[in-house]
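Shown next, in structure tokens, is the structure this report addresses.
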Amino acid sequence: MMQLARIIGARLAQAAAVALVLATLCFAFVQALPGDLALSVAAARTGQDRLTPELTERIRREEGLDRPLSVQYATWIGRLASGDLGVSMVSGRPVGEELATHARLTLVLGLAGWALSYLVAIPLGLAAGRRPGGWLDRVTQGLAVLLASTPAFLVGVLLISLFALWLRWLPPAGYRSVAHMVLPALTLALGLAAYSVRVVRNAVVDVRSAFFMTYAEIRGLPPGAAFRRHGLRNAAIPVVTFMALQMAYMIDGFVVVETLFGFPGLGNLLIRSLLARDIPMIMGAGLLIGLVYALANLAADLACYRLDPRLRRMGSV
């Protein structure tokens, strides 16, 4: 148990390091963009029609944008060390409050899309893997390839056209009720299921051809019972690992899906902050995304540690 606690501590330290590196890259990326940063912030804060050179210079002084980049970065690190993510240059609200408000909606949307994707992927993947080469396997593989090759925004547009404009069952955009979350969650779910169904299918095929399955059937267990008793746990290991890797797709998917549907989540906030070049908000979002991604990988490692006795005997995750 102590060894597991040390491993978790080391992974948490790695998560913090990954998040800090990502936030630093966000800072460097924004500073490398062409154009006047103070001018972009002033335009986002007051609007193009009320933009003046005096206002731009005042914002430059107030936000410390006239200081060297090293000083600006060191100031942010100092605030971060005390738990302060700073204040948005555009809205004037604390970055932590803004991120918490938008990230909560993104978390609900992501969990809904993730759960919906595996409600589809697990039964289809199990059925296709139990009979590889059959008609269901071929149809499932074809649909998965089609969905994987279709951009998320196009899937979203098709869903809006079908369910919002033609059938008029669901609202097309915005967020005022749970109904507004259905189409964004379904868009995310279809993109996730395109990959996860193949992972589940391949894991089942690999486990069914393993020696321990053959041995169990030789001992008299029916194939179905042998798979339930010995195969499910082993097939779950690569699937659980892939669940964490899907975080990369989900982060990319949030930006596209939330922008398309006008959903006020973290992806939508990140796009607006990038357009306004709101450095504190961008760095805070980068820090949060890095932490979430690293912690998701840690959760997957711990789940695999629980599923696979060999990892517990080796004392590593």
Side-chain angles (χ1 to χ4, degrees), residues 8-9 11-31 33 37-38 40-46 59-65 67 69-114 174-175 181 184 247-248 250-255 257-259 262-299:
I8 293 175
R11 290 300 181 89
L12 289 176
Q14 292 175 10
V18 168
L20 184 59
V21 168
L22 184 56
T24 303
L25 290 175
C26 289
F27 176 80
F29 170 75
V30 174
Q31 295 292 349
L33 290 174
L37 197 152
S40 299
V41 173
R45 184 184 294 185
T46 64
I59 289 176
R60 193 189 313 277
R61 291 191 303 271
E62 289 177 353
E63 301 296 343
L65 300 176
R67 295 180 295 175
L69 297 183
S70 58
V71 175
Q72 295 182 42
Y73 181 75
T75 301
W76 184 80
I77 290 292
R79 288 176 177 172
L80 180 63
S82 62
D84 182 13
L85 292 176
V87 177
S88 168
M89 291 180 179
V90 176
S91 68
R93 293 184 58 195
V95 170
E97 291 182 8
E98 290 265 17
L99 290 177
T101 301
H102 291 81
R104 176 179 58 84
L105 294 174
T106 294
L107 178 63
V108 174
L109 175 63
L111 288 176
W114 180 86
Y175 180 68
M181 195 177 291
M247 283 299 299
M250 292 183 71
I251 291 170
D252 177 59
F254 286 144
V255 174
V257 171
E258 290 182 1
T259 302
F263 190 82
L266 186 60
N268 191 293
L269 175 66
L270 183 58
I271 288 296
R272 289 190 285 109
S273 301
L274 283 170
L275 292 175
R277 297 176 69 174
D278 188 349
I279 293 180
M281 191 64 70
I282 294 169
M283 294 181 71
L287 190 71
L288 178 61
I289 290 170
L291 278 173
V292 169
Y293 186 73
L295 291 176
N297 279 278
L298 172 60

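Please read these numbers as outputs of a predicted model, since none were measured by experiment. Note that these values count all heavy atoms, side chains included, but never hydrogens, waters or copies made by symmetry.
Of the inter-residue distances, the one linking E62 atom CD with M89 atom CE reads 11.0 Å to the nearest 0.5 angstrom. The structure places CZ of F29 at 8.0 Å from CD1 of I282, a figure rounded to the nearest 0.5 Å. Rounded to the nearest 0.5 angstrom, T24 OG1 and I77 CD1 are separated by 5.5 Å. Note: E63 CD to R45 CZ = 5.0 Å, rounded to the nearest 0.5 Å. Within the model, atoms CD1 of I271 and OG1 of T259 stand 4.5 Å from one another, a figure rounded to the nearest 0.5 Å. Rounding to the nearest 0.5 Å places CG of L99 at 6.5 Å from CG of L269.
Here the side chain of S273 pairs no donor or acceptor atom with the backbone of M281 at under 3.5 angstrom. The closest donor-acceptor contact from the side chain of R93 to the backbone of S88 lies at 3.5 Å or more, if one exists at all. For S82 (side chain) and R79 (main-chain N/O), a donor-acceptor pair under 3.5 Å exists by modelled atom type.
Across L266 and A285, no two heavy atoms sit closer than the pair CD1-CB, 4.4 Å. Between I59 and A38, the shortest heavy-atom contact is CG2-O, 4.4 Å. In plain terms, the two heavy atoms of A44 and A276 that are nearest each other are CB-CB, 3.3 Å. Considering all non-hydrogen atoms of both residues, M283 and A23 come closest at O-CB, 3.6 Å. Considering all non-hydrogen atoms of both residues, G92 and V87 come closest at O-CG1, 3.1 Å.
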Walk me through whether L105 and E258 qualify under side-chain contact (heavy atoms from CB on, under 4.5 Å). CA-CA 10 Å; L105 294 174; E258 290 182 1; over 6 Å; no
Applying side-chain contact (heavy atoms from CB on, under 4.5 Å), run through Y73 and F27 and close with a yes or a no. CA-CA 8 Å; Y73 181 75; F27 176 80; 4.0 Å; yes
Give the intermediate values and the outcome of side-chain contact (heavy atoms from CB on, under 4.5 Å) for residues H102 and L270. CA-CA 10 Å; H102 291 81; L270 183 58; over 6 Å; no
Let me see the working for L80 and L85 under side-chain contact (heavy atoms from CB on, under 4.5 Å), right down to the final yes or no. CA-CA 6 Å; L80 180 63; L85 292 176; 3.7 Å; yes
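Using cut-offs of 30° and 60° on the angle between ring planes, the pair F263 and Y175 is perpendicular.
Inter-residue side-chain proximity for L22 and L287 is flagged as unmet; no heavy-atom pair is nearer than 4.5 Å.
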